[in-house]
A.B. asks: 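Dumping the structure here so I can ask a few things about it.
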2 protein chains.
Amino acid sequence: MEMDERKATILQAIIRNYLETGEPVGSRTISKYTDLNLSSATIRNEMADLEEMGYILQPHTSAGRIPSDKGYRFYVDTMMEAKDREISEMKKVLMERQDKLEDMLKGVVKLLAKDTQYASLITAPSANRNKLKFIQLSRIDDEHLLTVVVKEGNVIKNKVVDVTEPINEETLLKLNLMLNTQLSGMTMDEISLSMITGLKAQAGSHSGVISEVIDAVAEAISAEEDLKVYTSGANNILKYPELSDNSEKAGHLINTFEEREGLEELIIGGEDGDEAIKVYIGSENKVSGMEDCSVVTATYELEGGMKGTIGIVGPKRMDYDKVVGTLKSLRSGLDDLYKKDN
Amino acid sequence: MEMDERKATILQAIIRNYLETGEPVGSRTISKYTDLNLSSATIRNEMADLEEMGYILQPHTSAGRIPSDKGYRFYVDTMMEAKDREISEMKKVLMERQDKLEDMLKGVVKLLAKDTQYASLITAPSANRNKLKFIQLSRIDDEHLLTVVVKEGNVIKNKVVDVTEPINEETLLKLNLMLNTQLSGMTMDEISLSMITGLKAQAGSHSGVISEVIDAVAEAISAEEDLKVYTSGANNILKYPELSDNSEKAGHLINTFEEREGLEELIIGGEDGDEAIKVYIGSENKVSGMEDCSVVTATYELEGGMKGTIGIVGPKRMDYDKVVGTLKSLRSGLDDLYKKDN
DNA sequence: TGTTAGCACTCGTTTTAAAAGAGTGCTAAC
DNA sequence: GTTAGCACTCTTTTAAAACGAGTGCTAACA
């Protein structure tokens, strides 16, 4: 048995209808819905075929059909008609140009959740190339030293280092000079153990401080840490019975969003293909507890190679066309904006 | 009519029972529950009195009674028997002494939610006295200057300042010296407009930079901003029908926890009385959407006068004894720990 | 050979009625 | 002041019936 055009039309009609209503759809409905002019009996035959082929399922004997994961996949891959959507409200948020990136991201994710009615997340853009721009040691008081690490892209990290004996201003100047001469422009990988040993030797009695400073640098430079995630609309999960009926699972999902733990899984690992927008249906995504969800992700890029990800999590019957369209628009919106005025 | 001892005993029994079961409690139950040796009929009379006095309510004619807000309040104020609870698991988290305060707080709030089965929040400790310790300007590149502001308690803030024309190292040194001489040790209030004007004058052609730096200082020093809130267990709300039945309201609550907005309301404004642990029942707390909840808050203090708040949000029939006991223990746990080894 | 009308059958959902049960308030007696 | 008893109220539970959406199959049709 193979998928011919008529079967595809019927499958599409079934999915469209199910996305709208959330109810299993029967042959009679399709018979009227499509302009194929076929009787419900004929549709029934075709539906039996589609079921056999694995594109649709019957929840129970006397019910209509619902799409299977395979069915959704087919739809998304070949039948979807994503139109770019107007996202004027979000553009407005972008335009207001909060001086704090954080506020902007919070605003966007909130509007996204409101607009789509699905749970949403966004990660702060981060540069891949984690080069050290410069280091600055300053004396806070006799026991504490402040280490400021500035990375490429002007990302700043601080760490307070305890010192056992006071360090005078002169030594500090020397240390600063030494550190910057040797380390600026380096990436994590390029800082070798021998360099560290060398630095310590040069630092003489202050080698302990150097160790701590190097630690601070390592911490600052390792990309993983500051993958900040903002979320909104976890409560939308309650709106979809297929997700909220099992309150155990629903709670787990909500918790994931509240604590933002494990969400990285959604976002990484998708770097291989260069498709900017990706759809994961049901068990296609690996985050535990999200087997009944679909996830759509989009990567966006700001000037300077800063990349971030936007994600939408909803029921499998999410409105793929709409979501993909929205993300597409939002993506280019973010890009444009930053290219223009920064 | 006034509250005599017997009425109080009965009221207590009603509340205790209702906290356990969540069901309206009838006269017969109380007759057996207490050791007053009274028949259900007598209890009924007393209950009628208690209802008239406003301590209990009848959801409908043929149902038992449930406590009113006034009833809960009476219970909490005069009848509660909070015992300090063993919070060994949390102590363990504290002991492990995450080098990051953030991780520690996340751990604590998570365990707290798990232990109590209510939604929980904790704010990062912050010093009240927002004195400036020192300022450091550094050159990032020709267009950017880094401002590092260190506050009392070694809290650090950064800001990148755009400059129109390059500033050389020498000028930078001068500016640094100038700023620190004049500003360190100051609080927000003490930095007057005349001082700022003076600084600008001294800075000559770089007065623009000074303005920006002052802005950074103002931003860093204003206490309000970095009231970081960590939450956990919002999903516990789903466990209590009285909160989750109205999924509109439940969603709103969950959203509040997810986005951590408006939670400050719970926490501030309670500074007046010096009771460390406070209980807000139902409409006693002002956060919108929490009329059906009770909130228990505790303030904790770390060395150096750093203060933070812990909060528990649950249904009005929350187990006050347990929650207050837990918070009491946790509070002293946090205190002890930091006093000991920092 | 593909399409369709017709019909028996399945199975979840809704409706309806009845019964059960929990609890009260009141009265009258102890 | 306390309590047994009883009628009454309202919700919850249970059971049964009716409904209805939808299917699969057969047989007839073009």
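Here the structure is a predicted model, which means the values were calculated and not measured.
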A.B. asks: Under 4.0 Å, heavy atom to any atom of DNA chain D: which of residues 31-38 of chain B qualify?
C.D. replies: B:Asn37, B:Leu38

A.B. asks: All N/O contacts under 3.5 Å from nucleotides 25-30 of chain D to the protein, with atom names and distances to one decimal?
C.D. replies:
none

A.B. asks: OP1 or OP2 of D:dT23 less than 4.0 angstrom from a side-chain nitrogen or oxygen of A:Arg65, does that happen here?
C.D. replies: yes

A.B. asks: Looking at every strand, decide which applies to A:Ser27 at a 4.0 Å heavy-atom threshold: base, sugar-phosphate, or nothing.
C.D. replies: sugar-phosphate

A.B. asks: Picking from C:dT24, D:dT2, C:dT3, which would you name as closest to the side chain of B:Arg6?
C.D. replies: D:dT2

A.B. asks: Which residues satisfy the side-chain contact (heavy atoms from CB on, under 4.5 Å) test with A:Leu253, sequence neighbours excluded?
C.D. replies: A:Ile237, A:Met290, A:Cys293

A.B. asks: If you check every side-chain atom of A:Thr61, which of D:dG24, C:dT24, C:dC11 has the closest atom?
C.D. replies: C:dC11

A.B. asks: Do any of residues 8-20 of chain A sit with a heavy atom less than 4.0 Å from DNA chain D, and if so which?
C.D. replies: none

A.B. asks: Is the phosphate of D:dT23 approached by A:Ser62 (side-chain N or O, under 4.0 Å from OP1 or OP2)?
C.D. replies: no

A.B. asks: For A:Gln58, check side chain to side chain donor-acceptor pair (under 3.5 Å) against everything at least two apart and list the hits.
C.D. replies: none

A.B. asks: Given Watson-Crick or G-U pairs with both distances under 3.5 Å, what dot-bracket string fits DNA chain C, with | for other-strand pairs and [ ] for crossing?
C.D. replies: ||||||||||||||||||||||||||||||

A.B. asks: May I ask you to check if B:Lys106 and B:Tyr230 form a cation-pi contact, with NZ or CZ under 6.0 angstrom from the six-membered ring centre and within 45° of the axis?
C.D. replies: no

A.B. asks: Inspect the surroundings of CG in A:Asp77 and state if more than 12 heavy atoms from other residues, nucleotides or ligands are less than 6.0 Å away.
C.D. replies: yes

